[in-house]
Amino acid sequence: MALTSATNLGPATALTCRECGHSRDLGPHYACEECFGPLEISYDFGDVTRASIEAGPRNIWRYKGLLPVPSDIEETPNTEPGLTRLVRADRLAGNLGLAKLWVKDDSGNPTHSFKDRVVAVALAAARELGFQVLACPSTGNLANAVAAAAARAGIRSAVFVPSDLEAQKIITTAVYGGTFVTVDGNYDDVNRLASEIAGEQEDWAFVNVNVRPYYAEGSKTLGYEIAEQLGWRLPDQIVVPVASGSQLTKIDKAFQELIKLGLVEDKPYRVFGAQAAGCDPVAHAFKQGWDVFRPVKPATIAKSLAIGNPADGTYVLDVARRTGGTVEDVTDEQVVEGIRLLAATEGIFGETAGGVTVGVLKKLTESGVLDPSAETVIINSGDGLKTLDAVAPVVAPTATIAPTLAAFRAAGIA
Ligand SMILES: *Cc1c(COP(=O)(O)O)cnc(C)c1O
Ligand SMILES: [Zn+2]
């Protein structure tokens, strides 16, 4: 490692332990020296206003004053994700009996998932901290994002995924070049291996392991964008998919920061987590009333969410309980139904994680847990083109006909 402490990470000031509050200098650290708890970035925000943000670039760097990245970050090649569309979803809302619903469609990012946000911030920090290689263990989308970002930055990537990953995600990672290893094991096995490799390869930045405090802050931009796109307002309810739980906790952190900075009005909002029944450690703990989840062995088609031992699972429980939300799960059949419902009502083809989120939205609406009159936002975090196998068995052309008008008439589809 060339550097042990960072010089230019914008408004970031220190790394602070989430468990015991112990602080240390910014650097390539992720665990507390005192208690091994996870470290989180502390800030001294300067003068960030709605106008200064609105004058910024049309990507996540418009929020650079709220992120651990250099103040001239837009000068350095990165993938420039963000500012994805917030779609008013009246047809889906009507189908479910909701008054006002929005879909934050993060499939519009450079590698078609929300992971480009976290990787862009991790890459910026990794460069600043002197790392030479961008690496990760991944459930698929992170591998895509890391391989693409490293290619654009002109540095080496090294990504590790479970070998049973969707074919589309294997191809959309391999195409960027770089070192790409499939591992015979599930994500939790791959993650453990990555931690061990990180201990040996000192100049490898595993974005979600040894630079995780920086990486995780990238998810805040989802929260900032939703508020800005609503006209600098917070929604009443939000449904967020949960894998490691980082995205959900950071959307909440973003909302809290916007309130503290006076960029939005303070108001109550409820945060709901969405998991697949085949990998539901957080939803299960929530329903049982536990403070801490128990790890599970994943078995679900929602592979991007298949983390059985989620790093931020406990903090998801905290956010859901503090805000009056819940964490719910749906079966694989409901995931497929969710994908089809979103596609058929809004013309948005989400991946299995989107199906989980729509499925949970439907389940919580039908059970009366979600308030149908409240303004609701859901996240579509990835692209259906990467998980084609999930819907391939249940969709098909209406008919196959000869190229004649007679055949069209005979098919009875007019
Ligand atoms: C990784 C991922 C998530 C969840 O992210 P966490 O921050 O780990 O909870 C959600 N959706 C998709 C498509 C993902 O790839
Ligand atoms: Zn600590």
Side-chain angles (χ1 to χ4, degrees), residues 15-24 29-40 84 104-109 111-119 121-122 136-146 161 165-166 168-169 172-173 187-188 191 207-209 212-213 215-223 239-253 271 273-276 279 281-283 300-313 315-316 319 327 335 339 350-358 360 378-387 390:
L15 291 163
T16 305
C17 176
R18 283 195 78 146
E19 290 299 324
C20 77
H22 177 75
S23 272
R24 64 186 299 179
H29 318 296
Y30 61 103
C32 176
E33 301 161 290
E34 301 289 325
C35 76
F36 299 106
L39 297 175
E40 192 169 28
T84 55
K104 178 62 170 167
D105 185 14
D106 241 21
S107 67
N109 279 310
T111 69
H112 311 281
S113 88
F114 105 98
K115 289 296 198 303
D116 291 310
R117 299 175 181 274
V118 281
V119 170
V121 175
C136 68
S138 169
T139 58
N141 285 314
L142 188 59
N144 295 167
V146 163
V161 301
L165 206 60
E166 296 96 342
Q168 292 86 11
K169 286 182 185 161
T172 52
T173 299
Y187 174 79
D188 298 288
N191 190 35
V207 296
N208 51 342
V209 181
R212 189 173 180 87
Y215 159 96
E217 294 295 287
S219 284
K220 292 195 304 180
T221 60
L222 262 173
V239 186
V240 185
V242 172
S244 74
S246 180
Q247 180 185 148
L248 182 145
T249 59
K250 295 299 175 171
I251 288 174
D252 172 61
K253 186 180 184 188
V271 181
Q275 294 206 296
C279 185
V282 189
T300 169
I301 59 167
K303 293 184 183 176
S304 56
L305 303 183
I307 299 183
N309 189 10
D312 294 298
Y315 304 120
V316 168
V319 170
V327 188
V335 173
I339 294 173
E351 72 145 81
T352 45
V356 168
T357 307
V358 173
V360 165
I378 63 171
I379 311 284
N380 178 46
S381 49
D383 192 324
L385 290 174
K386 290 196 208 177
T387 59

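In this chain, numbering begins with 1 at the start of the sequence shown. Both ligands and their constituent atoms are indexed starting at 1 by order of listing.
- Only the side chain of L305 comes within 4.0 Å of ligand 1, judged by heavy-atom distances.
- Of the polar atoms of G245, at least one N or O is found under 3.5 Å from an N or O of ligand 1, judged by distance alone.
- Inclusion of A243 in the set of residues having an N or O under 3.5 Å from an N or O of ligand 1 is warranted.
- N141 and K386 form a side-chain donor-acceptor contact under 3.5 Å, judged by distance and modelled atom types alone.
- In terms of N/O distances under 3.5 Å, ligand 1 is not approached by S219.
- Taking CD from E33 and OG from S23, the interatomic distance works out to 10.0 Å, rounded to the nearest 0.5 Å.
- Judged by distance alone, with hydrogens and angles left aside, the side-chain atoms of E40 form no donor-acceptor pair with the main-chain N or O of R18 at under 3.5 Å.
- Taking OH of Y315 as the start and NZ of K253 as the end, the distance is 12.0 Å to the nearest 0.5 Å.
- With rounding to the nearest 0.5 Å, the separation of CZ in R117 from CG in D106 is 4.0 Å.
- Side chains of T173 and N144: a donor on one and an acceptor on the other come within 3.5 Å.
- Between N380 atom CG and E351 atom CD the span is 8.0 Å, to the nearest 0.5 Å.
- The Zn ion (ligand 2) is the vertex of the angle joining SG of C35 and SG of C32, which measures 120° to the nearest 10°.
- Protein heavy atom in closest approach to atom 2 (C) of ligand 1: K115 NZ, 2.4 Å.
- The nearest heavy-atom contact from the protein to atom 8 (O) of ligand 1 is S244 OG, 2.6 Å.
- Annotation: atom 7 (O) of ligand 1 to nearest protein heavy atom, Q247 N, 2.8 Å.
- Rounded to 10°, the angle formed at the Zn ion (ligand 2) by SG of C17 and SG of C20 is 110°.
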